[in-house]
Number of protein chains: 2
Amino acid sequence: MSVPLYQAKAEMFRTLGHPVRIRVLELLQAGPRPVRDLLSEIDVEPSNLSQQLAVLRRTGVVVSFRDGGLVMYALSTPDVADLLAAGRRILGAVLSDRDGLLAELKAHSAADQ
Amino acid sequence: MSVPLYQAKAEMFRTLGHPVRIRVLELLQAGPRPVRDLLSEIDVEPSNLSQQLAVLRRTGVVVSFRDGGLVMYALSTPDVADLLAAGRRILGAVLSDRDGLLAELKAHSAADQ
DNA sequence: ACACGAATTGAAGACTTCTGCAATTCGGCA
DNA sequence: TGCCGAATTGCAGAAGTCTTCAATTCGTGT
């Protein structure tokens with residue numbers, strides 16, 4: 001297995017390694033959404049959100065298109081949901097006897113899908 | 001869902017966002033291995049590998065223990081394998097009509113499990 | 001053509017991560 | 001006890017990421 005392939009994999013995971021970007025992906029699991037909506041739910045500067053969306057676009061995990069006066073974003077593949085779900089499971093396993101984040105993870109896991 | 005939980009999720013993914021760390025996790029999927037072995041397979045300075053192992057330990061995705069004269073590392077939960085598999089699938093989907101990395105991904109996917 | 005809101009881009013400073021070197025710790029064994 | 005290899009730690013410079021500001025693009029509607 002070549003070094004470039006490992007770098008591609010690493011880049012893929014690094015793309016998810018930011019709270020705003022995780023949040024965007026979770027919101028997009030429910031279907032395409034305009035930037036407008038993401039902005040109203042995420043509490044971040046518009047320019048910052050745009051930067052994070054650009055990171056997600058560059059790696060190819062989301063795509064964007066225009067619909068009327070709004071720009072829409074969508075997951076490029078539903079496989080992203082599996083990745084997020086696997087991340088949740090590991091977080092649960094890892095936190096299971098550590099700090100108070102676990103209770104919260106459990107309490108919200110259904111709503112956060 | 002609280003901000004700290006998003007940060008924990010992001011941290012989890014960021015932990016995987018490095019070629020050496022990805023490589024270590026893939027090697028550990030086959031079972032516990034001593035640092036010695038990892039070093040012989042990864043081509044990185046010993047101190048650098050130690051730093052990356054420390055990152056993985058801090059997040060809790062791997063654990064370490066001593067066995068005779070060697071330090072062993074192992075996955076803390078088999079769920080990590082799911083995460084890597086999901087990453088591979090997304091990479092395949094994302095690269096499917098881009099550059100030459102796709103062919104390589106396919107050619108090696110069985111051996112790289 | 002013009003003005004407006006929506007979204008993106010560019011750039012700078014603060015901050016974090018990465019890498020390699022030298023020094024250190026730690027256990028096992030003569 | 002003293003030595004040896006295995007692994008880790010501390011550190012400093014280089015490289016990369018994050019955030020915010022101001023400026024810009026782009027389409028829509030008048």
Side-chain angles (χ1 to χ4, degrees), chain A residues 3-25 27-28 32-76, chain B residues 3-25 27-28 32-76:
Chain A
V3 171
L5 184 45
Y6 281 117
Q7 279 178 338
K9 287 183 181 184
E11 197 180 321
M12 154 106 270
F13 284 112
R14 199 155 11 92
T15 295
L16 307 195
H18 188 287
V20 169
R21 296 195 296 258
I22 287 280
R23 189 106 209 257
V24 166
L25 293 178
L27 290 169
L28 292 185
R33 280 173 164 284
V35 174
R36 207 175 198 332
D37 275 25
L38 300 174
L39 247 184
S40 75
E41 305 212 39
I42 299 184
D43 187 37
V44 67
E45 298 277 326
S47 67
N48 195 344
L49 180 59
S50 254
Q51 299 276 6
Q52 308 311 333
L53 288 172
V55 172
L56 293 170
R57 248 187 296 124
R58 237 173 272 139
T59 313
V61 302
V62 305
V63 295
S64 68
F65 54 94
R66 191 171 270 276
D67 179 30
L70 304 179
V71 174
M72 308 284 293
Y73 276 82
L75 297 183
S76 66
Chain B
V3 170
L5 184 47
Y6 281 118
Q7 278 176 337
K9 288 183 180 183
E11 197 180 320
M12 154 105 272
F13 285 112
R14 198 154 14 93
T15 297
L16 307 195
H18 187 289
V20 169
R21 298 196 294 258
I22 287 279
R23 189 106 208 258
V24 166
L25 294 178
L27 290 169
L28 293 184
R33 280 172 164 283
V35 174
R36 206 176 197 327
D37 277 25
L38 299 174
L39 246 184
S40 75
E41 305 210 41
I42 298 184
D43 186 39
V44 68
E45 297 278 327
S47 67
N48 194 344
L49 180 59
S50 254
Q51 298 277 6
Q52 307 311 331
L53 288 171
V55 171
L56 292 169
R57 248 187 296 122
R58 235 173 275 140
T59 313
V61 302
V62 307
V63 295
S64 69
F65 55 94
R66 191 170 272 276
D67 179 29
L70 303 178
V71 175
M72 308 283 295
Y73 276 82
L75 297 184
S76 67

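Below, chains carry the letters A, B, ... as their sequence lines are ordered, and counting in each starts from 1.
- In this entry the distance linking OH of B/Tyr73 with P of D/dA6 reads 16 Å, nearest Å.
- Atom CD of B/Glu45 is separated from atom C1' of D/dT8 by 14 Å (rounded to the nearest Å).
- The one candidate from B/Leu56, B/Thr59, B/Val63 that meets the side-chain contact (heavy atoms from CB on, under 4.5 Å) condition with B/Ser76 is B/Val63.
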- Task: Test side-chain contact (heavy atoms from CB on, under 4.5 Å) on B/His18 and B/Gln52 and set out the steps.
- Result: CA-CA 9 Å; B/His18 187 289; B/Gln52 307 311 331; 3.8 Å; yes
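- Rounded to the nearest 0.5 Å, atoms CZ (B/Phe13) and CD1 (A/Ile22) are 4.5 Å apart.
- Here the OG1 atom belonging to A/Thr15 is positioned 12.5 Å from the CZ atom belonging to A/Arg57, to the nearest 0.5 angstrom.
- Atom CD of A/Glu41 sits about 11.5 Å away from atom CG of A/Leu49, to the nearest 0.5 Å.
- Along DNA chain C, the stretch of nucleotides lying under 4.0 Å from any heavy atom of chain B spans, 5' to 3', C/dT17 to C/dG28.
- Atom-to-atom, NE2 of A/His18 to P of D/dC18 comes out at 5 Å; the value is rounded to the nearest Å.
- Taking every side-chain heavy atom of B/Pro46 into account, D/dT8 is the closest of D/dT17, D/dT20, D/dT8.
- Atom C1' of nucleotide D/dT20 and atom CG of A/Leu49 are separated by 14 Å, given to the nearest angstrom.
- Along DNA chain C, the nucleotide closest to A/Gln51 and the one closest to A/Leu70 are compared, and the more 5′ of them pairs with A/Leu70.
- Here CZ of B/Arg21 is found 10.5 Å from CD of B/Gln51. Values are rounded to the nearest 0.5 Å.
- No donor-acceptor distance shorter than 3.5 angstrom exists from the side chain of B/Arg58 to the backbone of B/Leu53, with no hydrogens or angles considered.
- The residue among A/Arg14 and A/Ser50 whose nearest nucleotide of DNA chain C is located toward the 5' end is A/Ser50.
- Remark: C1' of D/dT17 and CD of A/Gln52 are 9 Å apart, rounded to the nearest angstrom.
- You'll find the side chain of B/Leu16 stays beyond 4.5 Å of the side chain of A/Lys9, heavy atoms only.
- Spacing between atom CZ of A/Phe65 and atom C1' of D/dG27 amounts to 16 Å, rounded to whole angstrom units.
- For the pair B/Leu56 CG and D/dT8 P, the computed distance is 12 Å after rounding to whole Å.
- Residues from residues 34-42 of chain B placing a heavy atom under 4.0 Å of any atom in DNA chain C do not occur.
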- Message: Between B/Val20 and B/Asn48, is the side-chain contact (heavy atoms from CB on, under 4.5 Å) condition met? List the steps.
- Response: CA-CA 9 Å; B/Val20 169; B/Asn48 194 344; 5.6 Å; no
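- For the pair A/Arg66 and D/dT28, the criterion of a side-chain N or O lying under 4.0 Å from OP1 or OP2 is not met.
- Atom pair A/Asn48:CG and D/dT19:P shows a separation of 5 Å (rounding to whole Å applied).
- Heavy-atom distances to DNA chain D give each of A/Gly69 and A/Val55 a nearest nucleotide, and the one nearer the 5′ end belongs to A/Val55.
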